[in-house]
Amino acid sequence: MKTSINNIVKFEIVDQTLIISIFGEVTNLYANKYNLKPILSKTFENISKIKIDFSGVAKYDTFIFLLLKNIKSFAIQHQISIELTGMSVDLKNFVNYLENIKLTDKYTAPKKPNLSIRFFENAGKITIKLAIDFVSLLSLIGDIIRSSLKLLYSIRSIRWSDFPEQFTLIGVNALPISLLIVFLIGLITGYQGALQLKEFGADIFIADLISISITRELGPLMVAIIVAGRSGSAFTAEIGTMKVSEEIDALKVMGFNIVDFLVMPRLIAILLAMPMLVILADLVGVLGGLFASLTTLDLTSVAYFNRMQIALGINDVASGLIKSCIFGLVIVVIGCFRGFQVSGGAESVGRYTTSSVVTSIFNIILLDALFTLLFPIIGL
Amino acid sequence: MEPIIEVKNLSKKYGKLLVLENINFDIYRGEILCIVGGSGCGKSTLLRQIIGLESPTTGEIYVDGELYFPSNAKVQERIMKKFGVMFQLGGLLASMTLEENIELPLKTYTSLSSNEIKEIIKIKLDAVGLDGFQDYLPSEISGGMKKRAALARAMALDPEILFFDEPSSGLDPITSAALDNLIIELNKSLGTTMIIVTHDLASIYNVAHRIVMLDKSIKGVLAIGTPEEMKNSSNELIYNFFNRKFN
């Protein structure tokens, strides 16, 4: 007779019979204590029967079924008969149930194609989606143009009641943060420029540097990025949520033109708000530069402003303002477009909101680069 | 019959708003108990208190004779492992496949080997009729299947008590009946105690052993009884609810 206790499983060999006694809580919580490997990995030539004693089982769950299944497959492999003793009625029913689960209403899973096929499938799907996206973006732009033309004929074709709120949200509420950021940008540019100009003794040219870079580039760009982050995301989230909760469909059914109703008030608000934001931002940006030059260079503020009057032309400020309107247009079109793309649930709203901000900022910078090349040609 | 959950003098306030007042009832081992009531009567609130997602303002909850509330976080965590919950919208993690969803609790709380986990996942999915869908994302299966997958995940750790929040909401009658059937089957063969919050009458008559009816007017339990008793109640409110009438 040979006995070994492996935690809470006991093995015994009595007259060619391997007796496995199982004790305790046979649950998946303690699965590692019921390790049958050391005993089942041996081959038993002189064993003709396995007897499993369950009388010591205090608690069990699906794990006991796995345990039993392992022993059974071992027994079949070695052509040994098996006997189960000490099973409670409940345990017997439990094992029986798991052994032959027979549901009448099973779903059969359609086979998923393998990885390489799925790769091409996805590539195709993405291409088609991109093409469809492009077409629907064009159609949104077309709708916006049509609505704008309609506005020329009848001023009341769009939802003006939404306009004040949108103007406040896009313009007024963005003012403090825009001013602060552009002031700091002016300050930073001023400091960096001052260090270089001092080397050449060209201190006074700091006024040229600041005024032109702020009004032409940094002011409109920074404001556009802030508005894209603040309002572009809000457009997408708002319209996306309306789409998810079927508000857009409800509006359509009531006969409203969605572009007139949702896009146009935002468009007009942003076209008005952006130049205003930018002109104020230009002002504080120049002041930021002044602050930097006063503290680092031998310069008076009178000299700074005098020089600025010579350096800065109306076309510099105008090109910044024109740009800001176009950036505003981009923010509205992309923000609303992404909002209309939302489908399904809340998680889709989040995804498209992120994508809206990223796409608008990317396009803003791309357009800015383009304008830098094109404006000199048309004399701006 | 031995109670598995005892709710004693439970009250719940949100700020000054009293939602549940002095609730007392027992849930017996192995039964299917439906918690019903009109909209806004606090069914889901009560369920959240019993599960332990929210703490009652006053009162006690015992699970298996052990004090579940009030008690410390460690005890609650241990007892909570006896629970499985199928949420109204499934609560499946959208970024994970069904297999990974069920694997999550098994991997975290048990000492099973990865092979054993795979086998258990297969058994669980088979039990809800979804074997073969291991690699599918929740977004790739239908609403009824999502509920089943949520049930499979709720059962992953072989809980003694399963909670269902509106299992039949958003399902067509056939899918809903199939789910009822599955609930009955699992209850019969595994002996799991089931607590179902619902107001789907057809489903209640199908599955319920006992019913606890809550009502807004008294912010508490209006009646407890079998479906038959409820249907033939002399109380007008109960009679109307269970016979789909209004006066």
Asker: Quick check on Y14(B): does its OH atom have over 12 non-hydrogen neighbours (other residues, nucleotides or ligands) under 6.0 Å away?
Answerer: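 For Y14(B), atom OH is crowded (more than 12 foreign heavy atoms under 6.0 Å).
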Asker: Report yes if some heavy atom in the side chain of Y97(A) is under 4.5 Å from a heavy atom in the side chain of E185(B); otherwise report no.
Answerer: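 SC-SC contact between Y97(A) and E185(B) confirmed.
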Asker: Can you confirm whether E99(A) is buried at CD, in the sense that more than 12 heavy atoms of other residues, nucleotides or ligands lie under 6.0 Å from that atom?
Answerer: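 Counting neighbours around CD of E99(A), more than 12 heavy atoms of other residues, nucleotides or ligands fall under 6.0 Å, so yes.
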Asker: Please classify the contact between Y30(A) and chain B as side chain, backbone, both or neither, with a heavy-atom cut-off of under 4.5 Å.
Answerer: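 Backbone only.
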Asker: Can you give me the closest heavy-atom contact between A109(A) and G132(B), atom names plus distance?
Answerer: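 Closest approach of A109(A) to G132(B): CB-O, 3.3 Å.
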Asker: With a 4.5 Å heavy-atom cut-off, do R148(B) and Y107(A) have their side chains touching?
Answerer: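 Of all side-chain heavy-atom pairs linking Y107(A) with R148(B), at least one is under 4.5 Å.
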Asker: Tell me if a side-chain donor or acceptor on T62(A) pairs with a main-chain N or O of I120(B) at a distance below 3.5 Å.
Answerer: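 Between the backbone of I120(B) and the side chain of T62(A) there is no qualifying donor-acceptor contact (under 3.5 Å).
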Asker: For K124(B), is it the side chain, the backbone, both, or neither that has a heavy atom closer than 4.5 Å to a heavy atom of chain A?
Answerer: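 Answer is side chain: those atoms of K124(B) sit under 4.5 Å from chain A.
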Asker: Around atom NZ of K122(B), are there more than 12 heavy atoms of other residues, nucleotides or ligands at under 6.0 Å?
Answerer: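 Counting other residues, nucleotides and ligands, NZ of K122(B) stays at 12 neighbours or fewer.
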Asker: Under a plain distance cut-off of 3.5 Å, with no hydrogens placed, do N28(A) and T110(B) share a side-chain donor-acceptor pair?
Answerer: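 Side chains of T110(B) and N28(A): no pair found under 3.5 Å.
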Asker: If you measure from CG on D90(A) to OG on S189(B), what distance do you get to the nearest 0.5 Å?
Answerer: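 Atom-to-atom, D90(A):CG and S189(B):OG are 11.5 Å apart.
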Asker: Could you state the interatomic distance from CG (L66(A)) to CD1 (I123(B)), rounded to the nearest 0.5 Å?
Answerer: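 These two atoms lie 5.0 Å from each other.
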Asker: Spell out, as yes or no, whether a donor-acceptor pair under 3.5 Å connects the side chain of S111(B) to the backbone of A31(A).
Answerer: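 Such a contact is found between S111(B) side chain and A31(A) backbone.
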Asker: Rounded at 0.5 Å granularity, tell me how far CD in E116(B) sits from CG in N32(A).
Answerer: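 Rounded to the nearest 0.5 Å, the CD-CG separation comes out at 9.5 Å.
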Asker: Measure distances from Q134(B) to the heavy atoms of chain A and classify the residue's part below 4.5 Å as side chain, backbone, both or neither.
Answerer: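 Contact with chain A is absent: no heavy atom of Q134(B) under 4.5 Å.
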Asker: By a 4.5 Å heavy-atom criterion (distance strictly below it), what part of L29(A) contacts chain B: side chain, backbone, both, or neither?
Answerer: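 The answer is both parts of L29(A).
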Asker: Contact part of T27(A) toward chain B, heavy-atom cut-off under 4.5 Å: side chain, backbone, both or neither?
Answerer: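 Looking at T27(A), nothing touches chain B.
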Asker: Please classify the contact between S95(B) and chain A as side chain, backbone, both or neither, with a heavy-atom cut-off of under 4.5 Å.
Answerer: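 Contact with chain A: none, neither part.
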Asker: Heavy atoms only, distances under 4.5 angstrom: which of K81(B), E140(B), K188(B), M155(B) has the most pairs with chain A? Name it, please.
Answerer: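 When all of K81(B), E140(B), K188(B), M155(B) are compared, E140(B) has the most.
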Asker: Hey, is CG on L130(A) packed in by over 12 heavy atoms from elsewhere, all under 6.0 Å?
Answerer: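 It does: L130(A) CG has more than 12 such atoms within range.
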Asker: Atom CG of residue position L138(A) - does it have more than 12 heavy atoms of other residues, nucleotides or ligands inside 6.0 Å?
Answerer: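 Above 12, so yes.
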Asker: Going by heavy atoms in the side chains, are L157(B) and D61(A) under 4.5 Å from each other?
Answerer: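 L157(B) vs D61(A): side chains apart.
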Asker: Measuring heavy-atom distances to chain A, does I117(B) have an atom under 4.5 Å in its side chain, in its backbone, in both, or in neither?
Answerer: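 Neither part.
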